[in-house]
Number of protein chains: 2
Amino acid sequence: MKEAMKQANKALEKDEVPIGAVIVKDGKIISRGCNCREKSQNALKHAEVIAIDKACKKLKSWRLDGCQIYVTLEPCPMCAGAIANARIEKLTYGCKETSSNENLCEKILQSNRLNHHTKVIFDQTYQKEISQILSTFFQEKRKKN
Amino acid sequence: MKEAMKQANKALEKDEVPIGAVIVKDGKIISRGCNCREKSQNALKHAEVIAIDKACKKLKSWRLDGCQIYVTLEPCPMCAGAIANARIEKLTYGCKETSSNENLCEKILQSNRLNHHTKVIFDQTYQKEISQILSTFFQEKRKKN
C-alpha cells in the first residue's frame, strides 16, 4: 500500500486526483499506475487501468492469474470491472469511496457473470493518510476555482 | 447499429468474441472498436473501451459530451463504467447479456456516484442477427476444443 501511496503522490504532483495502484505477483511489484485523466484527457486513464494495461503487456496475457492489486481508493465501476475481467486474485484498497453508498465495487467483483471472484479487502492501516491527501487536493482545487 | 455489427464481424474474422461498438457525435461516427482481447492479450481491449479511447484522442477531451455509443451486446461492468466516466450521453445496445441477471450495466449507468446519468436504450431491431453471430462463434469454439 505504501507503494500505491507513492503513485498517488506522483499524481498529486501532476495536479491530478491523487490515486495510485500497484500490481504484485509472487511478492514482486510488476506494474504501477497513477491517475492521469486530466493530463492525458482520456477518461480511461485511472491508476488501476494503467497498472492492468502494463501488467498484461509484461505478462503477455490478459489473464492476471495469481496477481494482487493494491489501490489507494476503492475502485470505480470501470476499474472494478477491469480487475474482474483481468481475473485478478485479490484487491486491497486503502480508503473507502464515500461519494455513493451503492457498494458497486463489491457487487461487480462478487458478480456471478464471470467464473471468477476477486477477493476484496479494505485495509484501513493508511486510511487517514490517504483520505488527507485526497481532501487536501480537493480543498486546493476549490480555492483555485 | 449496422456499423457496430460490421465491427462485430471484424472481430469474428480475427477469431475474437464478435462484439463491436461505434461512437457518434452530431450524426457522424467519430470512432469504432472491435473486441480484440485475445489477439492483444489485454483484458482491457473490449470494443467499447477501444472506441472510447479513440474518441477521447480525437476530441482531445476525456469528456465525450453529446456523444452516443452503439454496442452490439449489453456492456460488461468495465465498459459500462467507462461509458459513465466518459460522460457519454446515450448508450444503445442491440442484444441482452444473458450470462447474469444482476442488471449491473443499468445500475452502473444510473448510479448517483457521478453527476451524470447515461440514457440506456435496448434496441431490439437486430437482436436475432447479433445473437446468431455470437452463438455461432461459441458453437464453433466448443467444436474446436
Side-chain angles (χ1 to χ4, degrees), chain A residues 16-17 23 35-46 48-65 67 74-88 97-116 118, chain B residues 16-17 23 35-46 48-65 67 74-88 97-116 118:
Chain A
E16 299 275 357
V17 179
I23 295 178
N35 172 46
C36 67
R37 186 184 67 173
E38 297 300 330
K39 202 163 188 176
S40 66
Q41 281 298 311
N42 190 317
L44 307 168
K45 299 296 181 198
H46 284 195
E48 302 92 317
V49 163
I50 292 168
I52 291 169
D53 188 42
K54 285 185 192 165
C56 289
K57 282 170 183 161
K58 196 157 191 173
L59 301 180
K60 293 184 180 63
S61 173
W62 65 261
R63 286 182 169 274
L64 302 182
D65 291 325
C67 290
E74 186 179 6
C76 77
M78 172 181 78
C79 293
I83 290 167
N85 288 355
R87 309 289 201 268
I88 288 179
E97 166 61 74
T98 52
S99 71
S100 130
N101 57 1
E102 297 160 279
N103 221 7
L104 278 170
C105 174
E106 201 120 344
K107 273 182 200 149
I108 291 163
L109 289 166
Q110 301 309 315
S111 158
N112 56 28
R113 196 181 57 89
L114 304 168
N115 288 328
H116 174 86
T118 298
Chain B
E16 300 275 356
V17 179
I23 295 178
N35 173 45
C36 67
R37 185 185 67 173
E38 296 301 329
K39 202 162 189 179
S40 66
Q41 282 299 309
N42 191 318
L44 307 169
K45 299 295 181 198
H46 284 196
E48 300 92 317
V49 164
I50 293 168
I52 289 170
D53 188 43
K54 285 184 193 165
C56 288
K57 282 170 184 160
K58 195 156 190 175
L59 301 182
K60 295 184 179 66
S61 173
W62 66 262
R63 286 182 170 272
L64 302 182
D65 291 324
C67 289
E74 186 178 5
C76 78
M78 172 181 77
C79 292
I83 290 167
N85 287 355
R87 309 288 200 270
I88 287 179
E97 166 61 75
T98 52
S99 69
S100 131
N101 57 0
E102 296 160 281
N103 220 8
L104 278 171
C105 172
E106 201 120 345
K107 272 181 199 149
I108 292 163
L109 288 167
Q110 301 309 316
S111 158
N112 55 28
R113 195 183 57 88
L114 306 167
N115 288 327
H116 173 85
T118 298

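Labels below follow one simple rule: chain letters A, B, ... track the order of the sequence lines, proteins then strands, and each chain is numbered from 1.
Here B:Leu109 contributes atom CG and B:Thr118 contributes atom OG1; the two are 5.0 Å apart, rounded to the nearest 0.5 Å. Atoms CD1 and CZ, on A:Ile50 and A:Arg37 in that order, are 12.0 Å from each other to the nearest 0.5 Å.
With chain A as the partner, the residue from B:Asn85, B:Leu114, B:Ile52 showing the most heavy-atom pairs under 4.5 Å is B:Asn85. Contacts with chain B were tallied for A:Cys79, A:Cys76, A:Ser61, A:Ala84; A:Ser61 has the most, counting heavy-atom pairs under 4.5 Å. The candidate from B:Ala86, B:Ser111, B:Ala55 with the greatest count of non-hydrogen atom pairs under 4.5 Å with chain A is B:Ser111.
When heavy atoms are compared at a cutoff of 4.5 Å, A:Ala80 does not approach chain B at all. Proximity to chain B involves both the backbone and the side chain of A:Ile108, based on heavy atoms less than 4.5 angstrom apart.
Across B:Glu16 and B:Glu38, no two heavy atoms sit closer than the pair OE1-N, 2.9 Å.
Side-chain atoms of A:Asn35 and A:Lys45, non-hydrogen and from C-beta on, never get closer than 4.5 Å to each other.
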Step-by-step side chain to side chain contact (heavy atoms under 4.5 Å, CB included) determination, A:Lys107 to B:Leu104: CA-CA 8 Å; A:Lys107 273 182 200 149; B:Leu104 278 171; 4.2 Å; yes

